[in-house]
Protein chains: 2
Amino acid sequence: MKIGELAKRTGLSASKIRFYEDIGLLKMVERKANGYRSYPKEAEVALNLIVSGQQAGFSLDELKALLPADLSGWQHAQLIDALKQKVMDIEQLQAKLAENKQRLTEILTEIDAKPDDMDCADNAKRVLTQMGLKNNK
Amino acid sequence: MKIGELAKRTGLSASKIRFYEDIGLLKMVERKANGYRSYPKEAEVALNLIVSGQQAGFSLDELKALLPADLSGWQHAQLIDALKQKVMDIEQLQAKLAENKQRLTEILTEIDAKPDDMDCADNAKRVLTQMGLKNNK
DNA sequence: TCTAACTTTAAAGCTCACTTTAAGGTCAAG
DNA sequence: CTTGACCTTAAAGTGAGCTTTAAAGTTAGA
């Protein structure tokens with residue numbers, strides 16, 4: 001498979017694919033007699049994995065360390081640990097956001113119950129202070 | 001509050017706080033007679049919001065569009081709108097995080113589903129092929 | 001055979017999110 | 001009144017993650 005086809009299949013630009021090779025992230029490539037790159041079909045899978053990893057918050061360097069040149073030489077335990085750590089990071093952030101959301105929803109209900117007798121600035125301060133405390137945890 | 005104290009309180013560097021001001025992200029700042037920056041305590045809250053938003057994948061430009069310039073200047077109706085907006089923002093963050101988490105969890109599930117009689121190389125190929133198919137959609 | 005659409009390279013350029021540098025001004029303690 | 005820890009600025013530098021450029025070679029189709 002030439003680079004153009006791989007680019008179309010993965011939705012990535014050819015320059016990006018060459019860049020990943022330059023930095024040693026995508027090693028699954030050979031050269032034809034004419035100098036053109038030639039990719040095995042696993043390259044498509046590898047690139048999809050790279051894109052997924054990036055979307056999940058891995059840097060290219062992290063992915064380079066996690067994904068070996070040879071897919072079968074995969075560091076199983078290491079990869080699982082890294083994935084689990086990322087999931088935990090996300091769960092922590094989700095918990096924080098859920099608390100903030102709950103706080104805001106409660107306060108919205110409170111404000112709806114109170115007419116114009118309370119000072120707006122005080123209300124704002126109270127709301128934001130509570131959010132700040134949650135974020136500081 | 002001077003910039004050094006705000007930096008300590010938020011755990012951010014002073015240069016980062018100045019940078020956020022430069023790009024128009026943190027507008028809650030005044031100047032003392034000596035030229036020193038002076039922050040209201042709400043600035044700490046605002047910075048915590050910025051950090052949270054960034055952790056959830058928002059760019060500084062997105063946050064700039066999302067966060068109000070002056071927290072204490074909110075009026076009653078505006079406050080309610082802003083809070084409701086913030087809840088929606090949080091829901092957006094949650095959706096983004098859930099997507100990332102889902103991606104990772106799928107990968108972990110695939111690895112866990114490994115049959116005992118399958119060796120590492122085959123398993124790696126199977127998992128990665130599966131991911132490739134999912135990502136192609 | 002021509003030509004349009006590929007492919008190659010190295011190097012430079014770009015955006016984002018900052019940090020560092022340099023050269024100075026302010027302030028509280030001793 | 002000096003010392004050192006703060007604060008100020010503009011401008012340059014950094015690193016990640018690319019894209020663009022330029023100048024060339026290759027190939028598939030009419």
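To find a chain, count down the sequence lines: A is the first, B the second, and so on, and within it residues start at 1.
- The side chain of R31(A) lies closest to dT8(C) when the candidates are dT26(C), dT8(C), dT9(D).
- When the side-chain nitrogen and oxygen atoms of S15(B) are compared with OP1 and OP2 of dT19(C), one or more of them lie within a distance under 4.0 Å.
- Between D22(B) and G4(B), the residue anchored closer to the 5' end of DNA chain D is G4(B), taking for each the nucleotide with the nearest heavy atom.
- Residue I3(A) has its side chain nearest to dT8(C) when only dA17(C), dC18(D), dT8(C) are considered.
- For K16(A), the side-chain atoms get nearest to dT19(D) when compared with the rest of dT26(C), dT8(C), dT19(D).
- Y20(A) pairs with exactly one of L60(A), L63(A), V29(A) by the side chain to side chain contact (heavy atoms under 4.5 Å, CB included) rule, that one being L60(A).
- We find that CE of M1(B) is positioned 12 Å from P of dC7(D), with the value rounded to whole Å.
- What separates CD of E21(A) from P of dA10(C) is a distance of 11 Å, to the nearest Å.
- The interatomic distance linking E62(B) (CD) with dA17(C) (P) rounds to 9 Å, in whole Å.
- To the nearest 0.5 Å, atom CE of residue M28(B) and atom CZ of residue R37(B) are 14.0 Å apart.
- Candidate nucleotides dT8(C), dT26(C), dC18(C) were compared by shortest atom distance to the side chain of F19(B), and dC18(C) ranks first.
- For S59(A), counting side-chain heavy atoms from C-beta on, the closest listed nucleotide (dC27(C), dT19(C), dG17(D)) is dG17(D).
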Query raised in the report: Do R9(B) and M1(B) pass the side chain to side chain contact (heavy atoms under 4.5 Å, CB included) test, and can you show the C-alpha distance, the side-chain angles, and the key distance before you say yes or no?
Result: CA-CA 10 Å; R9(B) 282 178 173 280; M1(B) 195 194 307; 3.7 Å; yes

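- The nearest heavy atom of DNA chain C to K2(B) and to S13(B) marks one nucleotide each, and the one closer to the 5' end goes with S13(B).
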Requested in this report: Take Y39(A) and E21(A), measure what side chain to side chain contact (heavy atoms under 4.5 Å, CB included) needs, and give me the verdict at the end.
Outcome: CA-CA 12 Å; Y39(A) 297 93; E21(A) 184 185 340; 3.9 Å; yes

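- Of the candidate nucleotides dA17(C), dT26(C), dT8(C), dT26(C) has the atom lying nearest to any side-chain atom of Y36(B).
- The shortest distance between the side-chain N/O atoms of R37(B) and the OP1/OP2 oxygens of dC6(D) is not below 4.0 Å.
- When the nucleotides dC18(D), dT9(C), dG25(D) are ranked by their closest atom to the side chain of L60(A), dC18(D) comes out on top.
- The distance from atom NZ of K64(B) to atom C1' of dA17(C) is 13 Å, rounded to the nearest whole Å.
- Summarising the geometry, the separation between CD on Q54(B) and C1' on dC16(C) is reported as 10 Å, rounded to the nearest angstrom.
- Put simply, the side chain of K64(B) gets close to the backbone of I23(B): a donor and an acceptor are under 3.5 Å apart.
- Tested against I50(A), the residues L25(A), T10(A), I17(A) include a single side chain to side chain contact (heavy atoms under 4.5 Å, CB included) partner, L25(A).
- Evaluation of atom-type donor-acceptor distances gives no pair under 3.5 Å for the side chain of Y20(A) against the base of dG17(D).
- Protein atom CZ of R18(B) is 11 Å distant from nucleotide atom P of dT19(C), rounded to whole Å.
- Note on N34(A): a side-chain N or O is less than 4.0 Å away from OP1 or OP2 of dT27(D).
- Here dG17(D) presents its P atom at 7 Å from CG of D61(A), a figure rounded to the nearest Å.
- Regarding K8(A), its NZ atom lies at a distance of 12 Å from the P atom of dA5(C), rounded to whole Å.
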